[in-house]
Protein chains: 2
Amino acid sequence: MNKCEQCIVRQFNSLKTLTKDELIKISACKTSKIIKKGEVIFKEGEYLNGVFCIRDGVCKVSKMSENGRNQIISLIQQGSMLGERSLISDEISNLTATALSDMEVCFIPKEEIIKDLEKNPNFTLDVLKTMANSLKNADNLIVDMAQKSVKQRLADTLLHLLERFGLNTDAAINIQLSREDIANIIGTATASAIRLLSELKKEKIIDFIGKDITILNKKELEKIAQGF
Amino acid sequence: MNKCEQCIVRQFNSLKTLTKDELIKISACKTSKIIKKGEVIFKEGEYLNGVFCIRDGVCKVSKMSENGRNQIISLIQQGSMLGERSLISDEISNLTATALSDMEVCFIPKEEIIKDLEKNPNFTLDVLKTMANSLKNADNLIVDMAQKSVKQRLADTLLHLLERFGLNTDAAINIQLSREDIANIIGTATASAIRLLSELKKEKIIDFIGKDITILNKKELEKIAQGF
DNA sequence: TTTAAAATATGATATTTATCAGCTTTATTA
DNA sequence: TAATAAAGCTGATAAATATCATATTTTAAA
């Protein structure tokens, strides 16, 4: 079993603020899991007995609307924590997390995190800062969802994905999403997302082969994102 | 000048976790302000040198989209704190706060709050819990904005307003919002919001005189909110 | 109180987006 | 590898929503 004290991944999340002793304790009680692409890490309504630290891979965090349509709220990748919100509120999970690639995650039991929250103010403050940042992002997303057209949101999404995941060796955005996933990020019907992608391709603003999407004209895509 | 130690309002926010000494210190450096309906408390892009504690009144928290349209993210009322997010992230404000009624707010300088965050873990943890709750609400709003129709969102909004602000003496929802504000909560054009309100009135699901809106058929409104 | 400005209301129309159907391509698995 | 399922694509159409124009009502200011 890998040791948290030696894990690079913790540098990217609040665990970096823990002392060596605290890390050793976590290391002793954590469990590692391999999660296959498509598998659910946790479901909306489930009670989480701890948090997840993502060692490798990417997952989507989503929620069903009352209409029975699925909305992806965010993509979470290597280095991030998952399930902190529910732990802090001591509530069942509000969201569902599903692997978009094969993943390696560590599960840290609730009691251990709570102990650290109570004893280590640096840790609490770092969690607080992370959450403040998530809240800002969420607020911005609310504005975009409410005020931008589907086409704008698609352009936005492609630009965000590029920024977040970079390029693969073929100069395509380095993440594989189904058309349905893309639609569920944007908040539109799958058919609409497909149609708009095709249009962008026809206009030579993007190109794609299967799930590999390449941005050909970033300037133009930025214009579309801004509503022109 | 009113003393924080004796102020009822702090029971409703994280200040309730402060010790008597800490409260006395805050009391000594805080300033009280009267803010008239329509006045701006702080603007997007402004650097906040502290946080606000709302003693009386209601304000809207909003943000301009790139399209130049305004989106109201939340309504904040008596008892809540304002500006915590920016303080914790040490960033300029992401949002604009505007009074919807005459208000009385106290301004607490940043240094004082930071001191307490560093020294009082109960305070930090309570702020964290509050923020976790805001994040849940924000996530849910993202889903609604992305997946629900304008009509559903209007119904939702009316029900939320009722729950949040209760009834006035005329059995109308106890908050006065312009049609534009309602549209900016829903994320739609003002004309569309007005039209849908008129429809609901025609169907005898709501009634209104000016800005006073009464829900006549709550069951039916709930059905609409759910998409029927 | 009169006047001007702002907010509200509603019709006509254009645009955006969803839905549904049918087809093709790609992936899965027996 | 053949069979089947799933995902992707596109056209036709319907529904939702925005926009614009204009009228009316309410509010604020002179």
Side-chain angles (χ1 to χ4, degrees), chain A residues 36-39 60 65 67-71 98 100-102 144-157 172 176-203 206-213 224-225 227-228, chain B residues 36-39 60 65 67-71 98 100-102 144-157 172 176-203 206-213 224-225 227-228:
Chain A
K36 288 262 171 66
K37 180 176 169 172
E39 282 180 11
K60 59 181 174 184
S65 80
N67 300 14
R69 288 160 57 159
N70 206 34
Q71 179 63 33
T98 312
L100 286 174
S101 66
D102 290 347
D144 286 349
M145 286 300 176
Q147 299 289 357
K148 289 188 172 181
S149 70
V150 172
K151 191 162 190 177
Q152 280 183 283
R153 270 139 57 197
L154 172 59
D156 258 344
T157 297
Q176 296 256 322
L177 294 169
S178 68
R179 298 293 190 266
E180 191 181 357
D181 280 338
I182 293 175
N184 291 350
I185 292 171
I186 298 171
T188 192
T190 306
S192 299
I194 290 173
R195 200 182 308 271
L196 288 173
L197 282 168
S198 297
E199 280 179 28
L200 289 176
K201 189 178 185 176
K202 236 174 253 164
E203 297 164 22
I206 65 169
D207 194 15
F208 55 80
I209 302 168
K211 293 183 172 54
D212 285 319
I213 301 176
I224 292 170
F228 295 105
Chain B
K36 287 263 170 66
K37 179 177 170 172
E39 282 180 11
K60 59 181 174 185
S65 80
N67 299 14
R69 288 161 57 161
N70 206 37
Q71 179 62 34
T98 312
L100 287 173
S101 66
D102 290 347
D144 286 350
M145 285 300 176
Q147 299 290 357
K148 290 189 172 180
S149 70
V150 172
K151 192 163 189 176
Q152 281 183 281
R153 270 139 58 197
L154 172 59
D156 258 343
T157 298
Q176 296 255 321
L177 294 168
S178 69
R179 298 294 189 266
E180 191 181 357
D181 280 337
I182 293 175
N184 291 350
I185 292 171
I186 298 171
T188 192
T190 306
S192 299
I194 290 173
R195 202 182 308 273
L196 288 173
L197 282 168
S198 297
E199 279 179 30
L200 290 176
K201 189 178 184 175
K202 237 175 249 165
E203 297 164 23
I206 65 168
D207 193 14
F208 54 79
I209 301 169
K211 294 183 172 53
D212 286 318
I213 300 175
I224 292 170
F228 297 104

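We name chains A, B, ... by the order of the sequence lines, and we start the count at 1 in each one.
- Dashed line: the shortest gap from a side-chain N or O of Ser198(A) to OP1 or OP2 of dT10(D) is under 4.0 Å.
- Among the heavy atoms of the strands lying under 4.0 Å from Arg69(A) are primed sugar atoms or P, OP1, OP2 only; no base atom is included.
- Distance, Arg179(A) CZ to dT10(D) P: 10 Å, rounded to whole Å.
- With hydrogens and angles ignored, the 3.5 Å screen pairs no side-chain donor or acceptor of Asp102(A) with any backbone N or O of Lys36(A).
- We find that CG of Asp212(B) is positioned 15 Å from C1' of dT8(C), with the value rounded to whole Å.
- Side-chain proximity of Thr188(B) to dA18(D), dT19(D), dT8(C): nearest is dA18(D).
- The backbone N or O of Asp212(B) sits nowhere less than 3.5 Å from a side-chain atom of Gln176(B) that would complete a donor-acceptor pair.
- Between Leu197(A) atom CG and dT25(C) atom C1' the separation is 16 Å, expressed in whole Å.
- For Ala146(B) and Ser178(B), each mapped to the nucleotide of DNA chain C holding its nearest heavy atom, the one lying further toward the 5' end belongs to Ser178(B).
- Of the possible polar contacts, one joining the Lys201(A) side chain to the Phe208(A) backbone as a donor-acceptor pair under 3.5 Å is found.
- Residue contacts shown for Lys211(A) are limited to sugar-phosphate atoms, with no base heavy atom under 4.0 Å away.
- Look at CG on Leu154(A): it is 15 Å from P on dT16(C), rounded to the nearest Å.
- Across all strands, Ser192(A) comes closer than 4.0 Å to base atoms (heavy-atom distances).
- Of the candidates dC20(D), dC20(C), dT17(C), the closest approach to any side-chain atom of Val150(A) belongs to dT17(C).
- Results of the side-chain hydrogen bond (donor to acceptor under 3.5 Å, both in side chains) test with Asn67(B) over Gln147(A), Lys148(A), Gln152(A) single out Gln152(A) as the only residue that passes.
- Closest approach to the Ser149(B) side chain among dT17(D), dT19(D), dT19(C) is made by dT17(D) (side chain taken as heavy atoms from C-beta onward).
- Between the P atom of dA6(C) and the NZ atom of Lys37(B) lies a distance of 16 Å, rounded to the nearest Å.
- Atom-to-atom, CD1 of Ile186(A) to C1' of dA18(C) comes out at 14 Å; the value is rounded to the nearest Å.
- Look at CG on Asn184(A): it is 12 Å from P on dA18(C), rounded to the nearest Å.
- Picking from dT17(D), dG8(D), dA9(C) the nucleotide with the shortest atom distance to the side chain of Ile194(B) gives dA9(C).
- Side-chain atoms of Arg195(A) and base atoms of dG8(D) include no donor and acceptor less than 3.5 Å apart.
- Between the CD atom of Gln152(A) and the C1' atom of dT16(C) there is a distance of 12 Å, rounded to whole Å.
- For Arg153(A) (side chain) and Ile186(A) (main-chain N/O), a donor-acceptor pair under 3.5 Å exists by modelled atom type.
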